Amino acid sequence: MVKILLQIWHRDKASTYSHAYNKGKTLVFSKVPLPDYRADLDERHGSTQKEIKMSTETERRVENLLTRSKEALTINDSAGPSAPSGKQSFPGTSTTESDSTSKVDKQRFSAQLRDLQNSKKASPSARAMQSFREKLPAYRVKDDFLKAVAANQVLVISGETGCGKTTQLPQFILEEEIENLRGADCSIICTQPRRISAISVAARIASERGENLGETVGYQIRLEAKRSAQTRLLFCTTGVLLRRLVQEPDLSGVSHLLVDEIHERGMNEDFLIIILRDLLPQRPDLRLILMSATINADLFSKYFGNAPIIHIPGFTFPVAELFLEDVLEKTRYKINSEFDDYRGSSRRRRQQSTKSDPLTEIFEDVDIDSQYKSYSTSTRQSLEAWSGTQLDLGLVESTIEHICRHEGDGAILVFLTGWDEISKLLDKIKENNFLGNSSKFLVLPLHGSMPTVNQREIFDRPPSNMRKIVLATNIAESSITIDDVVYVIDCGKAKETSYDALNKLACLLPSWISKASAHQRRGRAGRVQPGVCYRLYPKVIHDAMPQYQLPEILRTPLQELCLNIKSLQLGAVASFLAKALQPPDPLAVKNAIELLKTIGVLDDMEELTPLGRHLCTLPLDPNIGKMLLMGCIFQCLGPALTIAAALAHRDPFVLPINRKEEADAAKRSFADDSYSDHIALLKAFEAWKDAKRSGRDRAFCWQNFLSPITLQMMDDMRNQFIDLLSDIGFVNKARGLKDYNHYGNDLEMVCAVLCAGLYPNVIQCKRRGKRTAFYSKEVGKVDIHPSSVNAGVHEFPLPYMVYSEKVKTASIYIRDSTNISDYALLLFGGALIPSKTGDGIEMLGGYLHFSAPKSVIQLIQRLRGELDKLLQRKIVEPGLDIPAEGKDVVAAAVELLHSQNIYH
DNA sequence: GAGCACTGC
């Protein structure tokens with residue numbers, strides 16, 4: 001029996017430079033001081049010793065297996081790295097024109113396209129369609145637009161919703177090209193940020209042209225396409241185009257590229273335009289059209305050397321706008337201060353006791369009595385008591401009530417920040433029953449994780465005597481459109497991700513929205529008739545809101561983006577990103593590169609390693625991609641595919657509003673005694689597959705609070721991953737997948753593979769009295785997220801957890817976790833560094849320290865060395881037959897993992 | 001003692 005002592009990493013207390021760090025930021029939201037979690041780590045960790053056992057029997061068996069493997073294995077280091085094939089097909093368009101396609105054929109095809117277009121135009125239905133199209137504001141700029149496209153390589157279009165830019169402009173180009181007998185040579189691509197819009201816009205245009213979808217107009221999104229060799233106008237998601245760039249770096253098959261919704265400043269779009277700006281000089285014939293909302297069109301024009309801007313006026317019905325002060329006048333609602341006992345000086349007291357954000361502070365400095373002279377005393381008192389930090393649900397309820405009593409028909413859409421607010425407001429409405437007859441009102445929650453998202457009643461018009469009230473998050477701002485909304489109630493906030501580069505911490509905190517978002521929310525009330533927007537915040541705050549939201553590239557960790565930059569051979573990461581419209585914080589770039597080095601994707605020269613090159617072919621975050629490859633190598637392919645698909649896409653467990661205890665119980669029953677959210681995902685997916693085979697999948701999903709759409713997507717993604725693994729030679733599909741699943745039911749092995757992929761996302765579990773506390777290297781104490789199967793568990797069988805997401809919300813939460821052993825970490829975690837004192841092993845930059853007798857340390861190091869060699873060989877020669885060549889090494893690892901079993 | 005913005009390859 002041996003003891004391994006776990007010692008705690010020592011470091012000097014870091015000075016707090018969060019203040020200076022934040023001072024450098026220009027945007028309001030970032031000015032809220034961040035704590036520097038790196039301070040006081042030692043204190044929070046305390047010092048512990050951990051005892052684990054390795055029986056002499058285990059030691060002997062591992063020893064034997066290793067010796068056997070040494071005899072069997074001849075290491076072949078001479079094989080050079082094989083570049084991944086990157087084979088992915090993009091059918092159609094002019095890239096694959098064979099030599100036999102002569103000029104004459106092309107001319108004939110162009111003529112055919114024109115004849116077809118003209119004959120369709122002549123039909124009565126097309127004429128009706130044409131007159132509809134001519135009413136759109138976009139039609140009035142048609143000639144100017146086509147002239148500008150001909151004369152300029154880059155063009156910026158600014159236009160509001162309802163102007164028809166997305167459906168008309170690509171169509172104008174298509175018609176013009178076909179009409180001028182260039183149909184066969186043109187290939188127009190229009191990118192959309194979201195899958196649904198790519199499909200629906202393509203469908204709309206096909207129908208305007210009187211064609212079937214997939215003829216001259218088609219779409220391509222991940223795992224789904226409707227296009228043909230005839231297709232000349234293709235709608236795709238920005239992600240699909242970025243993948244296409246891997247094989248076709250100069251987009252040689254494309255004649256016109258339209259990038260839509262760039263004002264949203266998504267990561268993909270920001271990334272794409274850096275590439276495009278560099279590409280344009282090499283492709284003088286390529287036309288680039290950037291489509292944006294009016295609010296920041298100048299920004300893009302400047303980025304492309306003052307490209308001309310064409311503005312298209314929007315068309316929506318007018319929407320009246322009321323701010324908090326007006327809402328209070330109308331509703332007569334009394335806001336009660338959180339400091340009721342100190343009425344009169346409540347604002348000052350609040351200023352002293354709670355930290356508010358800069359926008360709220362602006363309002364707290366306003367002298368209510370002089371600024372709001374014309375308002376009633378009651379309103380002024382309410383404004384005094386109003387808190388910018390906490391939403392007053394009574395005010396929301398009262399506003400709904402006001403609309404129902406005094407305004408005309410029409411659905412009400414309420415923008416809230418999250419699940420909790422939706423749930424509480426729903427309860428409050430039911431409880432108070434202010435609306436009297438509940439059969440007159442249909443109150444519907446709408447949240448990305450609620451099972452109601454796909455229900456028809458959200459989109460359908462309610463019966464004529466019923467009013468629909470939708471309580472939604474940001475999902476209703478651009479992803480889901482409810483046409484019959486006439487009234488919008490806007491709380492003015494949304495949960496927003498941000499990235500704290502200093503603490504390497506992703507955050508998800510409610511913050512004030514931008515003017516652009518506020519405008520978008522208001523617009524949701526004017527789709528079918530004039531509407532009203534009730535803003536539950538003062539005009540003073542609205543006026544102080546930032547113009548637009550911080551671009552995503554400044555709000556997220558960058559490892560996946562960095563991998564894509566290397567994959568597209570765009571040069572050094574930092575200098576490439578410095579060319580962005582708004583370049584990310586150099587510290588965030590540094591963090592991403594360091595992570596990629598830690599997990600073996602980049603070498604010291606910042607070049608892709610063989611592992612890194614394989615990961616480029618997988619559309620996954622590098623950690624998850626690595627987990628998938630490790631699952632393949634260590635013969636847990638099925639579980640790795642499933643877990644990778646869920647982590648990359650979204651959680652298949654839904655969060656119902658009424659039955660959350662049952663939903664929680666269902667998830668826990670899938671986890672059984674694994675202490676793992678990942679195993680819960682895996683078991684749920686497997687049970688769904690079984691249910692599907694016997695045709696009871698619908699009932700199964702309903703009973704177990706699972707989303708059938710998410711599970712189906714996961715299934716499709718698994719197949720895509722198998723194809724990609726087969727392309728890079730990791731999987732031989734002809735052989736069947738059974739060989740890659742030898743340990744598919746061995747949960748210790750699955751957890752070890754999770755550890756291999758998710759490292760360095762490791763936390764320590766430490767007993768603190770009757771409970772367990774959790775510590776991370778970067779920020780010290782963390783909590784298990786309440787939605788995790790590990791929440792509320794006081795005692796864990798194993799000393800560590802791996803996780804894929806750590807997010808700061810109310811506290812710093814580990815969202816998903818799997819309990820793992822020392823051996824999983826030692827064999828599959830980070831590099832084993834001999835400690836300076838010479839008596840043990842360090843990992844995670846010295847944060848974890850293992851010490852043990854020499855023989856044990858040596859045995860572990862030897863096994864780890866063999867595993868690493870095997871891994872390296874497989875990565876360099878992907879066709880290597882692990883079941884045959886690595887059998888004993890893998891068996892030795894399994895032996896050790898099982899010796900700390902929790903399942904057996 | 002308690003909680004889950006949204007996209008995408």
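Numbers restart at 1 for each chain; the letters A, B, ... are given by sequence-line order, proteins then strands. These numbers come from the heavy atoms of this one structure, side chains and all, not from hydrogens, waters or symmetry mates. None of the values given here were measured: they were computed from a predicted structure.
Rounded to whole Å, atom P of B:dC6 lies 14 Å from atom CD of A:Glu496. Note: CZ (A:Arg768) to P (B:dG1) measures 18 Å, nearest angstrom. Distance, A:Leu241 CG to B:dT7 P: 21 Å, rounded to whole Å. Atom pair A:Glu261:CD and B:dG8:C1' shows a separation of 14 Å (rounding to whole Å applied). One can place CD of A:Glu264 at 11 Å from P of B:dG8, the figure rounded to the nearest angstrom. Going from atom NE2 of A:His649 over to atom C1' of B:dT7 covers 10 Å, rounded to whole Å. If you measure from atom CZ of A:Arg244 to atom P of B:dG8, you get 20 Å, rounded to the nearest angstrom. Atom P of nucleotide B:dG1 and atom NZ of A:Lys770 are separated by 14 Å, given to the nearest angstrom.
A salt bridge between A:Arg767 and A:Glu795 is present, with a side-chain N of the basic residue lying under 4.0 Å from a carboxylate O of the acidic one. Ion pairing between A:Glu264 and A:Arg194 holds under the 4.0 Å rule for side-chain N and carboxylate O.
An anti orientation is assigned to B:dC6, its glycosidic angle lying beyond 90° of 0.
Side chain of A:Lys493 to main chain of A:Gly388: a donor-acceptor pair is present (N/O by atom type, distance under 3.5 Å, no hydrogens or angles).
Near DNA chain B, meaning a heavy atom under 4.0 Å from it, residues 192-199 of chain A has A:Pro193, A:Arg194, A:Arg195 in order of number.
Residues satisfying the side chain to side chain donor-acceptor pair (under 3.5 Å) criterion with A:Thr237, sequence neighbours excluded, are absent altogether.
A side-chain donor from one of A:Ser517 and A:Glu477 sits under 3.5 Å from a side-chain acceptor of the other. A:Asn564 and A:Glu560 are not linked by any side-chain donor-acceptor pair at a separation below 3.5 angstrom, with hydrogens and angles left out of the test. Using modelled atom types, one finds a donor on one side chain and an acceptor on the other under 3.5 Å when comparing A:Arg718 with A:Thr642.
Within the 4.0 angstrom heavy-atom criterion, no nucleotide atom of any strand lies near A:Glu269. Residue contacts shown for A:Leu223 are absent, as no nucleic acid heavy atom lies under 4.0 Å away. A:Arg265 comes within 4.0 angstrom of nothing in the nucleic acid, heavy atoms only.
Residues A:Leu391 and A:Glu421 have side chains in contact (heavy-atom distance under 4.5 Å, counting atoms from C-beta outward).
At B:dG8, none of the side-chain N or O atoms of A:Thr238 fall inside 4.0 Å of OP1 or OP2 (strictly under the cut-off). Contact check, A:Thr473 against B:dC6: a side-chain N or O comes under 4.0 Å of OP1 or OP2.
In this pair, A:Phe653 and A:Phe670 present their aromatic rings tilted. The plane angle is within the 30 to 60° band.
Nearer to the 5' terminus of DNA chain B, by closest-nucleotide assignment, is the contact made by A:His794 (compared with the other of A:Gly239 and A:His794).
Looking at every heavy atom in both residues, A:Pro656 comes nearest to A:Pro451 through CA-CD, 3.8 Å.
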Please enumerate all protein N or O atoms sitting under 3.5 Å from an N or O of nucleotides 2-4 of chain B, with distances to 0.1 Å.
from  : atom 1 : to       : atom 2 : distance (Å)
B:dC4 : OP1    : A:Thr809 : OG1    : 2.6
B:dC4 : OP2    : A:Lys495 : NZ     : 3.4

